[in-house]
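What you see is a predicted model; the values in this text were computed from it and never measured.
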Amino acid sequence: MGYTRRVMDGPTFYHQVYAVVRRIPRGRVTSYGRVARMLGRPHAARAVGYALSALAQKRESAPPVPWQRVINSQGRISTPNMDGGADLQAALLRAEGVAVDENLRVDLGVYLWEGLHLLEIDDILAGRG
DNA sequence: TTGTTGACCCAAG
DNA sequence: TCTTGGGCCAACA
């Protein structure tokens, strides 16, 4: 089968996103697009952002997902600042040693996390990670 | 089953 | 640098 993801017997795309995000090392960051690519969905960046958004609402994350380590491809925090979310994210990153600009910008050349390969992700999703 | 909704990405201007 | 416009995707009503 090629494209049917209506009823996936495995983890949903969201869970796959969470699994990958949990692998981001402390003090490093990556982008939504990169996470999407790691999951074999090069164009699903928006869905990744949506997944993290849902995470913030549900507030049910055990173990917790370090969502603050995910920013956009321009190295900027794109979290809505309604709840002070963007500021919170910046604070969390700084606490990990990541230099965040006053304009909520991070130097990807320094802090970018390259990511994982598909095979490693398969292991993680299979519970061997 | 269809339409809507985003914490996106990329190429131009 | 910043702003626009078009494209892509998954979850949900």
- OP1 or OP2 of C/dG6 sitting under 4.0 Å from any side-chain N/O of A/Arg46? no
- Figure out the CZ/C1' separation between A/Arg76 and C/dC2, and round it to whole Å. 9 Å
- Ignoring hydrogens and angles, does a donor from either the side chain of A/Tyr50 or the base of C/dA10 sit under 3.5 Å from an acceptor on the other? no
- Query: Base, sugar-phosphate, or nothing for A/Arg105, non-hydrogen atoms under 4.0 angstrom?
  - Reply: sugar-phosphate
- Between C1' of B/dA7 and CD of A/Gln89, the distance in whole Å: 8 Å
- Task: Measure from the side chain of A/Ala47, starting at C-beta and using heavy atoms only, and say which of B/dC9, B/dA7, C/dA10 lies closest.
- Result: C/dA10
- Are A/Met38 and A/Leu108 connected in the hydrophobic side-chain network, where two residues link if heavy atoms are under 4.5 Å apart? no
- A/Thr12 side chain N/O closer than 4.0 Å to the phosphate oxygens (OP1, OP2) of C/dA10? no
- Inspect the contact between A/Glu114 and A/Arg34 and indicate whether a charged nitrogen and a carboxylate oxygen are less than 4.0 angstrom apart. yes
- Query: Please give, in whole Å, the distance from C/dT1 C1' to A/Asp107 CG?
  - Reply: 16 Å
- Query: Over how many whole Å does the gap from A/Gln74 atom CD to C/dC2 atom C1' extend?
  - Reply: 9 Å
- Between A/Leu92 and A/Ile71, is there a shared hydrophobic cluster once you connect ILVMFWY residues whose side-chain heavy atoms come closer than 4.5 Å? no
- What is the distance, rounded to the nearest whole Å, between atom NE2 of A/His43 and atom C1' of C/dC9? 10 Å
- Whole-Å distance separating the CG atom of A/Asn72 from the P atom of B/dG6: 18 Å
- Task: Kindly point out which of B/dA7, C/dC9, C/dA11 is positioned nearest to the side chain of A/Ser78?
- Result: B/dA7
- Is A/Arg69 salt-bridged to A/Glu96, cutoff N-O under 4.0 Å? yes
- Item | Separation of atom CZ in A/Arg37 from atom P in B/dC10, rounded to whole Å | 6 Å
- Query: How close or far is atom P of C/dC8 from atom CZ of A/Phe13, stated in whole angstroms?
  - Reply: 16 Å
- Query: Is the closest side-chain heavy-atom distance between A/Tyr111 and A/Leu93 below 4.5 Å?
  - Reply: no
- Message: Within the 4.0 Å heavy-atom criterion, would you say A/Ser53 contacts the bases, only the backbone, or no part of the nucleic acid?
- Response: base
- Can you check whether A/Ser73 has a side-chain N or O nearer than 4.0 Å to OP1 or OP2 of B/dC9? yes
